[in-house]
**Q** 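Pasting in a structure now, in structure tokens, and then I'll have a few things to ask.
Residues take their numbers from the sequence shown, with the count starting at 1. Any value given below was found using the heavy atoms of this structure, including those in side chains, with hydrogens, waters and symmetry copies removed. All values reported here derive from a predicted model rather than from experimental measurement.
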Amino acid sequence: MVACVLAAAVTIGCAPKREARGPTPFDKTAVADCYTVELFTVAEIEAPSTTVPAAWNGYLGKWGKAGWDGKWCHDLHVLSVDADGNAVVMELHAPYEPWGRQATAFRRAGKIGEDGRLRVSYSGVLIEYWIQNGKLYGLRKEGGGALRIALSPGTNSGLGS
């Protein structure tokens, strides 16, 4: 019995150390000078409601300074969230010629699921967002592929400061 415990202790002590993880595909999406579009009409962000879970209210505000896979600049402005998880967002994109993308700004409906993730879906596109370590992470599924992003809080993209 003592030999088994001693062998287990030696094995644990000799186990290889985990190497530090390198940057993830999400970490590589920050683009400090990313811009999207200027809005002609200001879209107001509603004040957080006491009837909405605090974690859901964390989505409210302007998120940006990143591009899908570090290339196609994107801002997301979460304008409102209600107690049922319904959200109203402004999805803003810069033009990106290599992918045939035009500058766009669309007001869209989203929904926060039981898992706490905000999903926006339209025309064969499904985008899933979640908050982690002060950033808004996103995964965009479209046409059989997936793009990643990690947006920072507090951008200026035409909604005012």
Side-chain angles (χ1 to χ4, degrees), residues 19-49 52-82 84-161:
E19 293 183 30
R21 281 186 26 201
T24 70
F26 290 97
D27 298 325
K28 298 175 184 178
T29 67
V31 182
D33 61 349
C34 246
Y35 71 95
T36 55
V37 298
E38 295 292 329
L39 298 174
F40 295 111
T41 304
V42 174
E44 299 292 331
I45 296 170
E46 291 183 13
S49 169
V52 175
W56 293 2
N57 277 331
Y59 283 103
L60 290 170
K62 298 180 253 183
W63 300 88
K65 298 291 183 199
W68 290 109
D69 282 352
K71 297 174 181 165
W72 180 30
C73 291
H74 171 52
D75 288 339
L76 186 76
H77 299 189
V78 182
L79 306 177
S80 68
V81 176
D82 72 18
D84 292 326
N86 297 306
V88 176
V89 304
M90 287 293 297
E91 182 188 39
L92 309 161
H93 287 99
Y96 190 64
E97 289 183 28
W99 293 354
R101 302 292 186 152
Q102 297 180 353
T104 58
F106 288 102
R107 187 180 196 102
R108 301 202 187 275
K111 179 80 172 175
I112 300 174
E114 290 182 17
D115 60 358
R117 292 187 175 208
L118 170 61
R119 290 175 180 82
V120 178
S121 178
Y122 58 90
S123 304
V125 175
L126 172 62
I127 308 171
E128 182 176 2
Y129 296 100
W130 64 96
I131 298 172
Q132 184 177 331
N133 300 323
K135 294 205 177 250
L136 183 67
Y137 287 81
L139 186 63
R140 178 186 180 99
K141 297 176 184 176
E142 176 180 17
L147 302 173
R148 291 159 188 80
I149 200 164
L151 299 155
S152 295
T155 64
N156 270 330
S157 296
L159 290 181
S161 299

**Q** Do you know the tightest heavy-atom contact between Ala105 and Leu92?
**A** CB-CD2, 3.2 Å
**Q** Taking only residues two or more places apart in sequence, or in another chain, which ones meet Thr104 in a side-chain hydrogen bond (donor to acceptor under 3.5 Å, both in side chains)?
**A** none
**Q** Measure the shortest side-chain to side-chain distance between His93 and Cys73 over non-hydrogen atoms and say whether it is less than 4.5 angstrom.
**A** no
**Q** Excluding sequence neighbours, so at least two apart, what forms side chain to side chain contact (heavy atoms under 4.5 Å, CB included) with Lys71?
**A** Tyr96, Trp99
**Q** Roughly how far, to the nearest 0.5 Å, is CD1 of Ile131 from CH2 of Trp56?
**A** 12.5 Å
**Q** Which residues satisfy the side-chain hydrogen bond (donor to acceptor under 3.5 Å, both in side chains) test with Glu114, sequence neighbours excluded?
**A** none
**Q** Do you know the tightest heavy-atom contact between Val78 and Leu118?
**A** CG2-CD2, 4.2 Å
**Q** Residues two or more places apart in sequence or in another chain: which of them pass salt bridge (Lys or Arg N to Asp or Glu O under 4.0 Å) with Arg101?
**A** Glu142
**Q** Can you sort out the partners of Tyr35 under ring-ring contact (aromatic ring centres under 6.0 Å, His included), two or more places apart, ordered by chain and number?
**A** none
**Q** So which heavy atom on Ala150 is nearest to which on Ala66, and how close?
**A** O-CB, 3.4 Å
**Q** Roughly how far, to the nearest 0.5 Å, is the CG atom of Asp75 from the CG atom of Leu136?
**A** 11.0 Å
**Q** Excluding sequence neighbours, so at least two apart, what forms side chain to side chain contact (heavy atoms under 4.5 Å, CB included) with Asp84?
**A** Asp82, Asn86, Lys111
**Q** Would you indicate whether Gln132, at its atom CD, is surrounded by more than 12 heavy atoms from other residues, nucleotides or ligands within a distance under 6.0 Å?
**A** yes
**Q** With a 4.5 Å heavy-atom cut-off, do Val88 and Arg107 have their side chains touching?
**A** yes
**Q** Once side chain to side chain contact (heavy atoms under 4.5 Å, CB included) is applied, do any residues pair with Tyr122, and if so which ones, sequence neighbours excluded?
**A** Glu91, Arg108, Val120, Val125, Ile127, Arg140
**Q** Could you pull out all residues at least two apart from Asp33 that satisfy salt bridge (Lys or Arg N to Asp or Glu O under 4.0 Å)?
**A** none
**Q** Working to the nearest 0.5 Å, report the span between CG of Leu79 and CD of Glu46.
**A** 8.0 Å
**Q** Heavy atoms only: give me the nearest Ala146-Leu139 pair and the separation to one decimal.
**A** CB-CD1, 3.9 Å
**Q** Could you pull out all residues at least two apart from Tyr129 that satisfy side-chain hydrogen bond (donor to acceptor under 3.5 Å, both in side chains)?
**A** His74
**Q** Specify the closest pair of heavy atoms between Ser152 and Lys135, including all atoms of both residues, with the distance to one decimal.
**A** OG-NZ, 3.0 Å
**Q** Identify the two heavy atoms, one from Leu60 and one from Ala47, that lie closest to each other, and give their separation to 0.1 Å.
**A** CD1-C, 4.4 Å
**Q** Determine the sole option in Val37, Leu76, Leu39, Ile45 for which the side chain to side chain contact (heavy atoms under 4.5 Å, CB included) test with Met90 is passed.
**A** Leu39
**Q** Run the side-chain hydrogen bond (donor to acceptor under 3.5 Å, both in side chains) test against Trp72 and tell me which residues pass, sequence neighbours left out.
**A** none
**Q** Once you round to the nearest 0.5 Å, how far does NZ of Lys141 lie from CG of Leu147?
**A** 12.0 Å
**Q** Just jot down the side chain to side chain contact (heavy atoms under 4.5 Å, CB included) partners of Pro25, sequence neighbours excluded, or say none.
**A** Arg148
